[in-house]
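Structure record follows, encoded as structure tokens.
The chains referred to below are lettered A, B, ... by the order of the sequence lines, with proteins before strands, and numbering in each begins at 1. Predicted, not measured: the structure shown is a model, and the values here were computed from it.
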Amino acid sequence: MAEVSADVVSADVRSLEELTRDAVAGAMAAVLPPELAGADPVIRRSDHADFQANAALSLAKKLGAKPRELADSIATALREQTAGRYGVELAGPGFLNLTVTDDAVWSQVATRLASDRLGVGTPQLGRRTVVEYSSPNIAKEMHVGHLRTTIIGDALARLLEHLGADVLRQNHLGDWGTQFGMLIEYIDEHPDAKWRASDLDEGDLGTVSALDGLYRLARAEFDADPEFADKARRRVVTLQSGDEATLAVWRELVAESEKAFQAIYDYLGVSLTSEHSAGESSYNRYLDDVAAEVEQSGVGVISDGALCVFFDDITNADGNPVPLIVRKSDGGYGYAATDLATIRYRIRDLKINRLLYVVGAPQALHFRMVFETARRMGWLTDDVEAVHVGFGNVLGPDGKPFKTRAGGTVRLIELLDEAVARARAEIETKPHMLEVDELETVARQAGIGAVKYADLSTSRTKDYTFDPDRMVSFSGNTGVYLQYAHTRIRSILRKLPGGADSEVKVRTDGPLAPSERALALLADQFAPTLVEVADTLEPHRLCGYLFSLAKAFTEFYEACPVLTAETDELRDNRVALCQLTGATLAEGLRLLGIATPERM
RNA sequence: GCCCUCGUAGCUCAGCUGGACAGAGCACCGGACUUCUAAUCCGACGGUCGCAGGUUCGAGUCCUGCCGGGGGCACCA
């Protein structure tokens with residue numbers, strides 16, 4: 001087969017790695033006794049070949065055979081069964097080095113390019129998944145602490161959705177704290193206070209700043225004036241008892257805040273909207289019932305007047321057991337009750353079968369207790385899983401929690417503005433050929449992309465160091481590197497006579513240079529990488545993959561001219577490789593929530 | 001005190017769920033722009049994988065114990 005037609009092939013193209021695994025598994029089945037015939041071939045990418053199979057080493061022990069001899073017999077069976085489709089070499093103590101044919105590599109490029117969705121399947125189909133993330137507090141400004149939950153949560157939501165999951169994004173807004181008594185009382189007593197968007201000239205982004213100002217003023221009065229503090233506390237009770245006038249002010253506070261959050265989400269390119277808002281308050285009506293169910297089931301017991309759930313292995317400094325407090329001794333509810341109510345509601349009413357909480361690592365113990373309680377209640381079962389997708393803190397360049405020079409909290413909007421400003425300045429130093437308004441757009445895509453990539457590219461569970469200087473240096477392993485690689489591909493493709501999407505015939509019997517081979521093999525790994533990220537919930541694996549792909553592309557770019565290739569056949573093959581790589585980079589970046597400019 | 005988490009090159013980080021000599025980026029040094037965008041590429045330099053044991057044919061990866069950093073541990077979220 002020298003040519004592959006461009007007819008659209010259905011998604012879920014098997015990768016060369018998977019095909020290789022199948023082939024080696026087939027050979028093993030022919031050689032091994034039945035009880036070991038289904039063993040994992042242990043296929044890994046290799047520095048010594050396209051792939052390596054390591055199974056013989058561990059299996060030889062069980063068989064009492066010599067690893068090299070076992071590997072050799074697997075190799076023989078593999079050669080017989082696949083009729084030359086693999087180069088097989090025995091190496092070291094019993095590794096099998098496997099090389100696929102050039103024809104197979106080009107075929108794979110053609111097949112992925114011609115298939116829908118780059119051959120990515122939908123393994124998450126049937127999973128109704130909640131991703132809870134961002135969750136800022138009403139009447140407070142989003143700060144650097146909201147960065148990771150928002151960016152990681154959004155990336156996971158996009159990725160799982162792409163793989164077929166039915167994803168429900170949930171923004172668990174902090175809209176029911178005791179601070180509302182204070183705020184509402186203050187507004188009541190100071191009708192002139194300016195905190196609405198309409199009170200400001202500077203636009204939506206100023207709204208929460210104004211609310212923040214309101215918060216500070218109210219707080220100051222609360223601390224200074226005991227009489228006001230009393231009224232504020234009474235106002236909490238009034239609010240919670242459902243007083244309509246108080247609720248009206250509360251609703252307006254929520255609405256004003258949400259406007260400001262939306263402006264940030266739009267600026268960040270985060271896919272949250274008001275329809276994903278499900279604040280703590282929306283679960284109020286379930287709390288009595290949830291607490292009663294916990295109490296009646298016997299899962300919870302009364303201790304010091306509070307409804308508690310205890311755990312054998314969770315104790316405090318004195319060795320006493322530490323409970324999850326479902327209902328406080330004064331009859332009120334904390335966030336444990338709310339979280340239990342969300343679980344019950346999502347599972348029972350929304351028929352969700354997977355719950356992801358993108359919340360900071362310090363909450364680990366809380367979620368452990370909440371999930372264990374939900375299991376005892378029978379809400380979480382073997383078929384319904386809940387995962388705390390925890391993440392580390394954002395640290396400043398000094399290795400301490402990221403603060404302003406004055407020691408205050410870093411406003412998210414300021415951090416983003418600075419990243420965009422630096423990106424703009426950086427672009428202006430380059431020969432960029434962009435018009436003024438396009439420059440502004442690209443500056444934003446690059447600056448925001450840099451922030452997101454920096455956040456997503458290190459392992460989720462660790463703290464990460466946020467160094468603005470390093471992040472926007474725009475060289476090396478950064479978001480801009482990926483965006484730049486993509487623009488170089490687009491630049492080549494735009495110059496094609498038939499346009500960027502020109503259909504080309506792939507000659508699978510064409511030559512295959514080392515940098516072409518490396519690039520093609522990596523492009524083929526896109527789908528398995530996405531599956532791996534969905535399994536581990538670790539977006540940094542996708543970042544690492546895309547960086548490798550971009551790097552392989554630039555190496556190919558240096559070594560292999562596309563438009564001026566020696567022959568038309570060679571040019572067409574390279575165009576196909578560019579199209580596949582470009583589409584893969586664009587899709588991968590999209591799933592991370594990072595924009596892909598056409599030029600920069 | 002108990003639990004969780006982290007410790008890899010001067011700095012910032014990967015290391016594909018146990019595989020061949022530990023890899024990137026930044027910084028520093030030396031090269032490459034009349035050639036599809038040099039926001040790039042090539043080369044050099046750089047590591048007792050915190051320490052000590054153990055399991056294994058094989059350990060940065062798994063287990064145990066230390067050392068060091070961070071976090072959490074009864075009515076705040």
Practice item. Under 4.0 Å between any heavy atoms, over every strand shown, what does A/Pro323 touch: base, sugar-phosphate, or nothing? Just pick one. Key: base

Check your understanding: Residues two or more places apart in sequence or in another chain: which of them pass side-chain contact (heavy atoms from CB on, under 4.5 Å) with A/Glu385?
Key -> A/Arg127, A/Arg354, A/Val387

Practice item. Record whether the side chain of A/Glu280 comes under 3.5 Å of the base of B/rA77 through a donor-acceptor pair of N or O atoms. Key: no

Practice item. Using a 4.0 Å heavy-atom cut-off across all strands, classify A/Asp467 as base, sugar-phosphate, or nothing. Key: nothing

Revision key, fill the gap. Of B/rG19, B/rC6, B/rA74, the nucleotide closest to the side chain of A/Lys462 is B/rC6

Point to revise | N/O donor-acceptor pair, side chain A/Ser457 with base B/rA14, under 3.5 angstrom | key: no

Check your understanding: When we call it a touch if two heavy atoms are under 4.0 Å apart, what does A/Phe311 touch: a base, just sugar-phosphate, or nothing?
Key -> nothing

Revision key, fill the gap. With sequence neighbours left out, the residues meeting ring pair (Phe, Tyr, Trp, His ring centres under 6.0 Å) with A/Tyr481 are A/Phe547

Check your understanding: Counting any heavy atom closer than 4.0 Å, what does A/Cys578 reach on the DNA or RNA strands: base, sugar-phosphate only, or nothing?
Key -> nothing

**Study point:** Any A/His388 side-chain N or O less than 4.0 Å from OP1/OP2 of B/rC4
**Key:** no

Exercise for review: Measure from the side chain of A/Phe310, starting at C-beta and using heavy atoms only, and say which of B/rA20, B/rU17, B/rA74 lies closest.
Suggested key: B/rA74

Practice item. Identify whether any heavy atom of A/Ala306 sits under 4.0 Å from a base atom; if not, whether one sits that close to sugar-phosphate; answer base, sugar-phosphate or nothing. Key: base

Point to revise | A/Arg45 (side chain) and B/rC16 (base): donor-acceptor pair under 3.5 Å | key: yes

Revision key, fill the gap. The nucleotide from B/rA24, B/rA74, B/rC57 with an atom nearest the side chain of A/Asn316 is B/rA74

Point to revise | Out of B/rC73, B/rG15, B/rC57, whichever nucleotide has its closest atom nearest the side chain of A/Ser58 | key: B/rC57

Practice item. Using a 3.5 Å limit on both pairing distances, list the dot-bracket string of RNA chain B from the 5' end; Watson-Crick and G-U wobble pairs count, crossing pairs take [ ], interstrand pairs take |. Key: (((((((..((((.....[...))))..((((.......))))......(((((..]....))))))))))))....

Exercise for review: Spell out protein contact along nucleotides 32-41 of chain B as letters: B when the base is contacted, S when just the sugar-phosphate is, - when no protein heavy atom is under 4.0 Å; keep the 5' to 3' order.
Suggested key: ----BBSBBS

Check your understanding: Which of the following nucleotides, B/rA20, B/rG72, B/rA77, is nearest to the side chain of A/Asn97?
Key -> B/rA20

Check your understanding: Any luck finding a side-chain donor-acceptor pair between A/Tyr453 and A/Asn477 under 3.5 Å?
Key -> yes

**Study point:** Any residue meeting ring pair (Phe, Tyr, Trp, His ring centres under 6.0 Å) with A/Tyr335, in chain and number order, not counting sequence neighbours
**Key:** A/His366

Exercise for review: Specify the residues of residues 525-538 of chain A, ordered by number, for which at least one heavy atom lies under 4.0 angstrom from an atom of RNA chain B.
Suggested key: A/Glu532, A/Thr536

